[in-house]
Enquirer: 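The structure's right below; bear with me while I get my questions together.
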Amino acid sequence: MFAATISILFLGIAYGMVLYIISVGLSVTMGLLGFVNLAHGVFAMAGGYVTVTLMNQYGVPFGFALLAAFIIVAAISVVLERTLYARLYGAGELEQVLFTIGLVFMSVAIVRKLWGPLPQPFHVPHVLDGQINLGFRSFPTYRTFLIGVSVLLILTLWLGIERTAFGARLRAAVDNRRMAESLGINTGRLFSLTFALGSGLAAFGGGLGADILAIDPGYAFEYLVYFLMVVAVGGLGSIKGPFVAAMLLGIGDTACKYLVPQLGSFFIYLAMIALLLWRPAGLFGRA
Amino acid sequence: MRRPAADASPVDRLIASHRLRPIELLPWVIAVAAYFVFPDYLPLGSQVLIMILFALSLDLVLGYGGIVTLGQSAFFGVGAYAAGIYSVHVSGEPLSGLVVAAIAAAVVGVISGLVILRTTGLTLLMLTLAVTSLLEATANHADFLTGGADGLQGMTINPILGRFEFDMFGRTAYVYSLVVLFLGWLLLRRLVHAPFGQSLIGIRENVTRMHAIGTPVRQRLLTAYTISAAVAGVAGGLLAQTTQFVGLTVLGFERSGAVVIMLVLGGAGRLYGAFIGAALYMIAQDQIAEVDPVFWDFWIGLLLVLVVLFARGGVLGLCDKLLLVVRRRR
Amino acid sequence: MTAALETVGLSRRFGALVVANDVRFILEAGARHALIGPNGAGKTTFVNLVTGRLRPSAGRILLNGTDITALSQAQRVHQGLARTFQINTLFRGLSVLENVSLAVAEQAGIGNRMLRKGRANRGVVEGAFALLERLRLADDALVPVHTLPYGKQRLVEIAIALGLNPSVLLLDEPAAGVPSVETRIILDVIEQLPDSIAILIIEHDMDLVFRFARRITVMVQGGILVEGTSAEIAADARVREVYLGERQHG
């Protein structure tokens, strides 16, 4: 029983970390500009495909493949943002929802055309294969690595937000956009940078989590609910909130899949509905 | 549009603007004509009619009420499963099956509405998505009742009114769907032109003002949401009865997304946008998706992006602009 | 005689910030009363508390003797309380007649009717049109509201409030943003309102205030500084001090 609990926690935390890395960008861009971007999953998906293709087709080492995914997707996202997204910043919620759903449809089709309908095989690099002994018991090396990298990444992100000038401007703009603008902060440029960073992170998360969230054309639709859940429950614009939400979701979903497989995601949806009713602005959001 | 004389009082003109105009009969003329002109396509025709009804139900809450929802499939699916389960376990009588579908969907509508309509924006959107996902997961796992991933088998539908048997050319199904759609349209058209519908428009346009003129906004929206759910449930029930099958795809994100796309393509908040959008979508899907599903996904996505960027009012919106241009040239 | 509107100990705080401080306010029946004060004094907050847009931290609100503190915005409207907003809050895509008809329909209690035939709605539309005629908006009845000049939109704002058949009318800066040539029309309309309606007007335009108001309340920092007839207030030294350095914007 205890062993099972540890396993569930361990896997759940790994899952949650991946969800968080993918979703944090969405939380910030939605909080910053109030833009409902249902296509965020596409960036994670793209990151997964780039990573896996570089590894499988071109023999690029895992670490470099992840970095490449980050850079490539971030660059693409900047182009998308400047040319298309920017036109809809003043538009209503429905327009943004429809527009981004349209993007998802198109991306899914392109991906299916180029890579076929089957999930991409992800081969864990040899050095990360197998089990690692952490003293009291052994854990899968890859998941341990995943948690380790995620923790580093998240800490860097949080420190960056708290300590750098960019982070300060970002927090100011999320808090009160008009005030920030009157202080001379170029929120347009800030947003583009943030969008790129968030999309790059999503891509990184997509590649990193290829073992957990399978890379197939349906990715952007299938996991969308989870990303949105993390953001909605965590609180739009919050950086730390989605972390809590991602942990809850990751551990909760893993626990349910192990303990009550017949009911699967049922409890997760129920729990999310309950949480959102209790705190409509999210756990750490502002009403 | 035929208007009263230009010197008629504004009161008369406003009242007259809600009267039935001849062009509103066009869809019915086309639907009846299609029965005779396309006898080989009647099964597709029934699907179109059912989707029009589904899109109409969405128009009430989205087009008129302004509630952005990705959860309309919850009611469609509940209606479908209710009608299906009713036919398997209780009776194959179709009309009572539709009533059961409507009631089941309305119950889900009122309960979820009570809970969801307290929120707005992304939270609301998320909750609508969560409800339909929840129901999908339930249907998947309650396979003793719903057939799970394999779908509900063993439905038999008796002849309508004891006389009209469902035939293999889809003739009965088509007329059945047409009559139900007609009744649904009558109801929704009346609703929309009545003070109730006008107040929904008010809520959509400026909810602050509506509060300030004494409208019990949440009650009003809940009523609209429940009616919309019932109509969507009837559409789902029709689907179940005419195909004698219910699968998991009646629920979930993709079904909700499809009906939103249909409505927006045609033009939301216009009632007839549902007709145009659903017909275009279903016919195009039939022609394209069978041949090349990847193609379909891409082009529907592109169409959606283009509509949002350049033609927010959908087909009807474009028609409006065209009419303006034509009138200016005169 | 029961006051049309009365607040007792009305307070509202946001954490340490007090935006309404134990406000005791009385609006007599048929009053012509103005609420003035520097920017940020809490005048609009007061209106929001009275109308129910904002919940009070403490205190009670009485409308014609009835305690309405627990009622929702919409319920208060049905008790006879109506307001206009400082910034036009209209149904921009709808015509003027439709805007006012919505209000008249809600007031008549038919806003939720679903199966009413067109002919029966006529009464509502005719009532709305009559209001437009009174406010000299009849010529613009079928024009979409957002195409009207700002001053006329302000009039539509007032027409909607009147369509609610109120016993108490709260006008939040009715002349705000209106070019001075057009304020006279608005003032005429307000002056011609029946005595059966008690009117509280928030304004910065002192000409308008002194022409219209019989009594004036001065609010500063969420609390009432002084209250009295317009003559008393005009002469009050404290009021002059509060406005010292504040040029009126007409």
Side-chain angles (χ1 to χ4, degrees), chain A residues 30 34 36 38-39 84 87-88 91-114 116-117 217-218 221-222 224-226 228-229 231-233 236 260-277 279-282 285, chain B residues 62-63 66-70 112 114-116 118-138 140-143 204 252-254 256-258 260-261 263-265 268 292-310 312 314:
Chain A
M30 287 193 64
V36 183
L38 298 186
L84 293 176
R87 288 157 163 263
L88 288 167
E93 190 194 333
L94 180 62
E95 272 87 33
Q96 293 171 356
V97 166
L98 291 170
F99 173 74
T100 50
I101 287 181
L103 286 183
V104 176
F105 268 106
M106 288 171 71
S107 318
V108 167
I110 292 174
V111 161
R112 192 174 276 140
K113 196 69 175 190
L114 294 177
F221 267 125
E222 276 165 55
L224 176 65
V225 193
Y226 288 122
L228 288 180
M229 270 201 254
V231 170
V233 170
L236 288 177
V260 275
Q262 329 85 282
L263 287 177
S265 314
F266 182 85
F267 281 126
I268 295 299
Y269 292 126
L270 212 56
M272 191 194 83
I273 293 175
L275 272 169
L276 276 180
L277 287 176
R279 296 282 180 109
Chain B
L62 177 59
I67 299 176
V68 180
T69 163
L70 281 174
S112 63
L114 274 171
V115 143
I116 288 177
R118 290 201 267 144
T119 63
T120 56
L122 177 74
T123 309
L124 176 62
L125 190 68
M126 274 314 306
L127 285 171
T128 62
L129 201 50
V131 168
T132 188
S133 300
L134 182 66
L135 287 169
E136 192 186 8
T138 311
N140 196 2
H141 293 290
D143 50 11
R204 181 193 75 208
F253 180 19
E254 292 202 56
S256 279
V260 170
I261 293 174
L263 184 63
V264 167
L265 274 181
D292 189 348
V294 175
F295 195 70
W296 167 252
D297 275 345
F298 182 81
W299 287 106
I300 202 74
L302 184 61
L303 192 59
L304 204 50
V305 167
L306 291 175
V307 161
V308 171
L309 288 176
F310 304 114
R312 275 178 205 180

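Every chain is numbered from 1 and lettered A, B, ... according to where its sequence line falls, protein lines coming before strand lines. FYI, side chains are in, hydrogens and waters are out, and symmetry mates aren't considered; it's all heavy atoms of this structure.
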Enquirer: Can you tell me which portion of A:Met229 sits under 4.5 Å from chain B's heavy atoms? Options are side chain, backbone, both or neither.
Expert: both
Enquirer: With a 4.5 Å heavy-atom cut-off, do B:Leu304 and A:Phe99 have their side chains touching?
Expert: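 When only atoms from C-beta onward are counted, A:Phe99 and B:Leu304 do not touch, as no gap falls below 4.5 Å.
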Enquirer: Any idea which of B:Asn140, B:Val264, B:Leu129, B:Leu124 has the most non-hydrogen atom pairs under 4.5 angstrom with chain A?
Expert: B:Val264
Enquirer: Counting heavy-atom pairs under 4.5 Å to chain B, which of A:Ile273, A:Val225, A:Val104 comes out on top?
Expert: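 Top count of heavy-atom pairs under 4.5 Å with chain B: A:Ile273.
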Enquirer: I want to check something: taking the side chain as every heavy atom from C-beta on, are A:Val97 and B:Val260 in contact at a cut-off of under 4.5 Å?
Expert: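 Answer no - side chains too far apart.
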Enquirer: Sequence neighbours excluded, which residues qualify as side chain to side chain contact (heavy atoms under 4.5 Å, CB included) partners of B:Thr123?
Expert: A:Leu276, A:Pro280, B:Thr119, B:Leu127
Enquirer: Test side chain to side chain contact (heavy atoms under 4.5 Å, CB included) on B:Val308 and A:Leu88 and set out the steps.
Expert: CA-CA 9 Å; B:Val308 171; A:Leu88 288 167; 3.7 Å; yes
Enquirer: Evaluate the side-chain proximity of A:Leu228 to B:Leu125: yes if any heavy-atom separation is below 4.5 Å, no if none is.
Expert: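 When only atoms from C-beta onward are counted, A:Leu228 and B:Leu125 do not touch, as no gap falls below 4.5 Å.
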Enquirer: Going by ring-ring contact (aromatic ring centres under 6.0 Å, His included), name the residues that satisfy it together with A:Phe221, two or more places apart in sequence or in a different chain.
Expert: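 A:Phe221 satisfies ring-ring contact (aromatic ring centres under 6.0 Å, His included) with A:Phe105, B:Phe253 only.
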Enquirer: Within a strict 4.5 Å, meaning less than it, do heavy atoms of the B:Arg312 and A:Leu94 side chains meet?
Expert: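 Result no, sub-4.5 Å side-chain heavy-atom pair not found.
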Enquirer: Starting from the C-alpha separation in whole Å, work towards a yes-or-no answer on side chain to side chain contact (heavy atoms under 4.5 Å, CB included) for B:Asp292 and A:Lys113.
Expert: CA-CA 11 Å; B:Asp292 189 348; A:Lys113 196 69 175 190; 4.1 Å; yes
Enquirer: Checking heavy atoms, do the side chain of A:Leu38, its backbone, both or neither come under 4.5 Å from chain B?
Expert: side chain
Enquirer: So which part of A:Leu224 gets closer than 4.5 Å to some heavy atom of chain B, the side chain, the backbone, both or neither?
Expert: side chain
